[in-house]
Structures are given as structure tokens and as C-alpha cells.
Amino acid sequence: MKTVCYIARRNCLLLLRSVRFGVALLLCLVFVPISVLDGTDDYHARQAEYIRAVAANDSVLQSAHVWSAVRPTTVKRTEPLGALGRGVQSEVGIYNMVKLSEYPLLPQSFPGGSPSVFGITHTQLLGEAGGHENPFFNAFTATDFLTLTAWLFPLLALLFSYDAFTAEREAGTLRMVFSEPVGRGTLLAGKLLGIGMLLVPLAVLCYALAAGCLLAGDIPMNAYDWQAWGLMMLLTVALTGGCIVSGLLVSLYFRRSADALAVAMLLWAVMTFVVPAISGYLAETVSPLPLYRNVERALWQLNDERDDRLREWRRKCRKRYPISTFFAQFNHQDDDDNYVEKWGFTHDLARYLCHYHSVSELIRIDYANRKWDLQRSYLERMERQLRLRFALSCLSPLGWFEEAGQRLCRTSAHDCLTYMEEVRDYRFRVLDFFRDNKLFGSLRYFTTQQESELSTQEELQQFDEAYQRMSDEEKRAVWKPFLERPLLDISALPRFRQQEAGIRETGRWAAGTLLAYAALAALLAGVAIRRMKRYDVR
């Protein structure tokens, strides 16, 4: 053991005085703070939008006068560790409006957006983010801290280890080492430990700098965030250790340092760029997604069919409740999700509207379920494509690191899809609230007037004739009850609370990745030991 420590210390000091270490230290001191500070700026921008959106949603709900206007908007929480690993959050929105006529598919970029993928047109989506049909494939996070460490430390590990044996053999010092009673396994362990003694503290330094930047940037870190931060650091150390063993193995298989360097750089390029690109391409080829515009076309057809049913139901209601006039002194209507508010109309129209809405809203909900069958099929194929891409990306250790890191940061595609399940569950709770309280068929669904305040057709006609002769002051007095109409009591309305994943859930992926790295390092170490026993020092 003493010999191993001596060899490790000797190699560590040699590397410490090399240009390689100076360049590595400079990269860490420059790019790590820049990437984290850029992430903190992005976090604060997102958090400001989150706070504004939550306040705007609360304001809209609290200012509602009728239940047809109550369509809560859920807003996706900003994750503090998104400053380290942005994941897919730059590709998704944060808004979802609870509607009767549709299920929320994915977070939308704008409140109250269309049922498209992210609430914007497909052309805009592809024009801004990329050419993939699966929106999650358009994420490009090369500037965040998590991706930077995933690229940087495997590169440093290979650069520090590719000539561990070839350089000494070319210099002739390896013969001198083996002229002493030094075992080959001892030398291999000393080389591995020496490089690790240099790169592990460098990784810890990077994470310490990242933590300092987070604290300096006023990022609120709770216990979970610090635990996830520690697990990410362990993942980086494990990834670095595996790449060091890979570099030593390359050094053992090639006689010249130049050849070993070329192979090491090729190995790094394959892990970093080739495997992710190929995995995405193969996933899209083997498990292609249907064009979402085709799904939208099918949704529009169902909307047309729904509108036909609503027109038929409207005709039946008119036969049952004959209406001589649909006039109302105030009438506001939005066909998007059937927001309607009336004031100053007849008893007959009120009975007609109560009966009509008691069934028409259920028709909207029924067709939303039918539309969801199409959307769910699309979503399932998207998830299948994501799983396939992840399975293929696991051919590179960086694929494991990226998935585990993004899950720890709670910014992965999995977290986004899990969040949307919570949003859809919330929609069910809101609709159950409407049905349980029989709000669809109530007067308060579309008016603030009591039944006793409604007029007959003759009274409404007399009022209209008198209104034409009123002065401006008298007209303002007439409209005062309407302008001061009561607000809804929405205290019983279910509110959305986004669930927080604990360290147990997200830590499983980190633990699995650490075990995978340990198994891979043990396998490579076994191959290196066998190669070392037959290594020709001449």
C-alpha cells in the first residue's frame, strides 16, 4: 500500500506541474461560474414569470362573476436546480388552462393557448427549436453546468490518463520502474489513484464554485436541493473515475502516445456527440411519431362533430322552451370554452339557458374524452420514443449521467410528463366540483341576477323604450347594479398544488447510475489488469 501511495503521489505531482493541469484549472475557473451565473439569470427570469402568472391567475379567478368564467390556469413551478441543469424546461411552457372541451397535453407557452403541442403553431415550434417532431428532442443544453461537467471531466480524465504508460515507455523510465520490486498491479493502482487525486478535488472545486454562485445568485436551496447537489457531485466523480480507467486501458493498448491520444479523443467524441446524435436519429426512425398536425386535424373533426351535436341540442331546447327573444341588456360570450355572461333578460331565456347548459357542458366534456384518446395515443408514442432514445443513449456513460442529473434537477422529460399527469388529475377535480354542485344548470353559471330580478318580455320592451329617453346620469344609475354585481365565492374551488418529488424518488436514478458506473469501472479495471500482466515495457 505504501508503494501505491508513493506512485500515486509522484504521478499526481508530475501532473500538477504540467500544462494540462493549468489548462484544466483555467477551464474550471472560467466556464463553471459563467455557466452557473447564466443559469441563475435564467432561473430568476422564469421565477419572475411564475410569480406574475400565479398572481394573474388568482386575480382572474377572484374577479369572476359567473361560473362559466372560472377556468383555473395551472402554472409550473420553477426548479432551483434548473440553474444547474435546464433539461427540457427551455423547450416547454408553464401554462395549462383547465377547460371543459379539452385535456391538457403538454405545458403551453401562453396562458389559454390552443390545444397544439405547446400552445403555439407547429411552424413556430419547429422554426424556433429545431426540426424534431418530438419537442423534447429539440432541447440543446450545452451551456448549462450539468452538461458542461458531463463533457469536461471525461475529457480531462482521458487527457490525463491516455499516456500514463506510453509516455514512460517512450522515455525509457518504465524499464527502470520494473527493475525495482514493483508489481504491475501496484503500478496500475498507483497511476489510477494519482490521476484521481488530481481530478476528484477539481470536480469538488467545480461543485463548490457552483454552490457559491447559487448562493450569491439568491437561489433558494432547501434540503432536497443540497442532497441532489451532493448526488450530482458523486455522479461526476464516478463518471470521471470510469473515464480514467478507460484512458489507462487505452494507454496500455497502444505503444505511442500520439496514437493513444487520437483514440482517446475519438472515444470522447463518440461518447459526447456521436452516441447522443445516433440515439435520437434511431429513436425517431425505429419508433416514428405521427405528425401532430394530423392529430390536430382529427381533433378539429371531432370539434365539428361536437358543434353539430350542440346545434341539435339547441334546437331541441328551443322546442321545449320557446323563446320569443334572446335579447339581454348585457351579453358577453366566448365560444372557446363557452364562457357566457348575461344581465337584464327574461325568465323564459333563463329557463332555456339553464336547461341548455346542464347538458351542453356535459357534451363538451364527453368530446374532450374522445379527443383525449387521440392525444393519449400520441403521448404514449412520444414516451415510447423517449424511452428508446434513453436506452440507446446508455451506450455512452454520458447518457446515464444526463438522465440521472436532470431527474435530480427535476427538469427531465419524465418530470414534465409526471407534472402533466398532476394537471390532468386537477382538471378531474375541478370538473367533479362543477358536477357535484350542479353548477352547469344553475343561474349563477351565466348570470349574477336572482330569479326574482328577471323580467318578462313586456317589461324588457318597456324598459328598452324608456332607456332611449333617459339622460346620461339616469343611464349610469341604471347600470350601477350591473357594475356592482357580486363576485363569486370560489373558496371551495379546488386549487392546484404541484407535488414535489423527494430525494428517494429521484435518488433511485442516481443510485442506479452509480452502480452502473461501478460495474463498468470494475469491468474495465479487470480488462486493464489482464492487459497489464502481458504488457511489454520494451
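Any value given below was found using the heavy atoms of this structure, including those in side chains, with hydrogens, waters and symmetry copies removed. The first residue of the sequence shown is numbered 1, and numbering continues consecutively from there.
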*Quick one: are P486 and H65 in side-chain contact, heavy atoms under 4.5 Å?*
no

*Could you state the interatomic distance from CG (D58) to OG (S63), rounded to the nearest 0.5 Å?*
10.5 Å

*So does F433 have more than 12 non-hydrogen atoms from other groups sitting under 6.0 Å from CZ?*
yes

_Audit row: L379, L417, side-chain contact (heavy atoms from CB on, under 4.5 Å) steps and yes/no_ = CA-CA 9 Å; L379 193 60; L417 295 172; 3.9 Å; yes

*Looking at CG of L398 and CD of E402, how far apart are the two atoms once the value is rounded to the nearest 0.5 Å?*
8.0 Å

*Is any side-chain heavy atom of F31 less than 4.5 Å from a side-chain heavy atom of W151?*
no

*To the nearest 0.5 Å, what is the distance between CZ (F401) and OG1 (T236)?*
3.5 Å

*Keeping to residues at least two apart or across chains, list the salt bridge (Lys or Arg N to Asp or Glu O under 4.0 Å) pairs with something in residues 355-365.*
E361-R364

*Would you call the rings of Y445 and F440 parallel, tilted or perpendicular if under 30° counts as parallel and over 60° as perpendicular?*
perpendicular

*Report the C-alpha distance between F428 and Y103 in whole Å, list the side-chain angles of each, state the deciding distance to 0.1 Å, and finish with yes or no for ring pair (Phe, Tyr, Trp, His ring centres under 6.0 Å).*
CA-CA 10 Å; F428 287 134; Y103 280 69; 5.8 Å; yes

*Is a salt bridge present between R46 and D42, judged by a nitrogen-to-oxygen distance below 4.0 Å?*
yes

*side chain to side chain donor-acceptor pair (under 3.5 Å) involving R497 - partner list, sequence neighbours excluded*: none

*Is the closest side-chain donor-acceptor distance between Q457 and T346 under 3.5 Å?*
no

*Keeping to residues at least two apart or across chains, list the salt bridge (Lys or Arg N to Asp or Glu O under 4.0 Å) pairs with something in residues 423-444.*
D432-R435

*Aromatic plane relationship, W229 with W226 - under 30° parallel, 30 to 60° tilted, over 60° perpendicular*: perpendicular

*asked:* Let me confirm one number: the CE-OH distance from M232 to Y207, rounded to the nearest 0.5 Å.
replied: 6.0 Å

*Does Q333 CD have over 12 foreign heavy atoms under 6.0 Å away?*
yes

*Could you list all the side-chain hydrogen bond (donor to acceptor under 3.5 Å, both in side chains) pairs where at least one residue sits in residues 499-511, not counting sequence neighbours?*
Y224-T506

*Tell me, with the steps shown, if L61 and T73 meet side-chain contact (heavy atoms from CB on, under 4.5 Å).*
CA-CA 9 Å; L61 289 178; T73 297; over 6 Å; no

*Sort and list the pairs that fulfil salt bridge (Lys or Arg N to Asp or Glu O under 4.0 Å) and have at least one residue in residues 472-493, not counting sequence neighbours.*
E341-R485

*Quick one: side-chain contact (heavy atoms from CB on, under 4.5 Å) partners of I94, sequence neighbours excluded?*
E49, V75, K76

*Results of side chain to side chain donor-acceptor pair (under 3.5 Å) for N437 - residues two or more places apart only*: none

_Check: S412/D415 side-chain N/O donor and acceptor closer than 3.5 Å_ = yes

*Shortest non-hydrogen contact from P72 to L493?*
CG-CD2, 4.1 Å

*Rounded to the nearest 0.5 Å, how far does CG of L231 lie from CG of L514?*
7.0 Å

*Qualifying residues under side-chain contact (heavy atoms from CB on, under 4.5 Å), relative to S358, sequence neighbours excluded*: H355

*Would you please name every residue forming a side-chain contact (heavy atoms from CB on, under 4.5 Å) with Y367, sequence neighbours left out?*
L302, E305, R306, R309, I363, R370

*Using ring pair (Phe, Tyr, Trp, His ring centres under 6.0 Å) as the criterion, list what pairs up with F326, not counting sequence neighbours.*
Y352

_Just checking Y339 against W67, ring centres under 6.0 Å apart?_
no

*List for me each residue that meets side chain to side chain donor-acceptor pair (under 3.5 Å) alongside Y426, sequence neighbours excluded, and say none if there are none.*
none

_pair C354-S442: side-chain heavy atoms closer than 4.5 Å_ = no

*Would you check if the side chain of D225 reaches a backbone N or O of N222 as a donor-acceptor pair within less than 3.5 Å?*
yes

*Just by distance, with hydrogens left out, do R314 and Y356 show a side-chain donor and acceptor under 3.5 Å apart?*
yes

_If you apply the rule side-chain contact (heavy atoms from CB on, under 4.5 Å), what do you find for F345 with T447, and how did you get there?_
CA-CA 10 Å; F345 53 98; T447 185; 3.6 Å; yes

*So which heavy atom on L388 is nearest to which on S287, and how close?*
CD2-CB, 4.0 Å

*First locate atom OG of S68, then atom CZ of F446, and finally report the distance between them rounded to the nearest 0.5 Å.*
9.0 Å

_Distance-only donor-acceptor check, side chains D144 and T147, under 3.5 Å_ = yes

*Pairing residues for T411 by the side-chain contact (heavy atoms from CB on, under 4.5 Å) criterion, not counting sequence neighbours*: E79, Q89, Q406, C409

_If you compare all heavy atoms of A83 against all heavy atoms of T40, which two are closest, and at what distance to 0.1 Å?_
CB-N, 3.9 Å

*asked:* Let's go through K99 and D337 carefully: what are the C-alpha distance in whole Å and the side-chain angles of both, what is the deciding distance for salt bridge (charged side-chain N to carboxylate O under 4.0 Å, His left out) to 0.1 Å, and is it a yes or a no?
replied: CA-CA 6 Å; K99 295 184 177 182; D337 204 50; over 6 Å; no

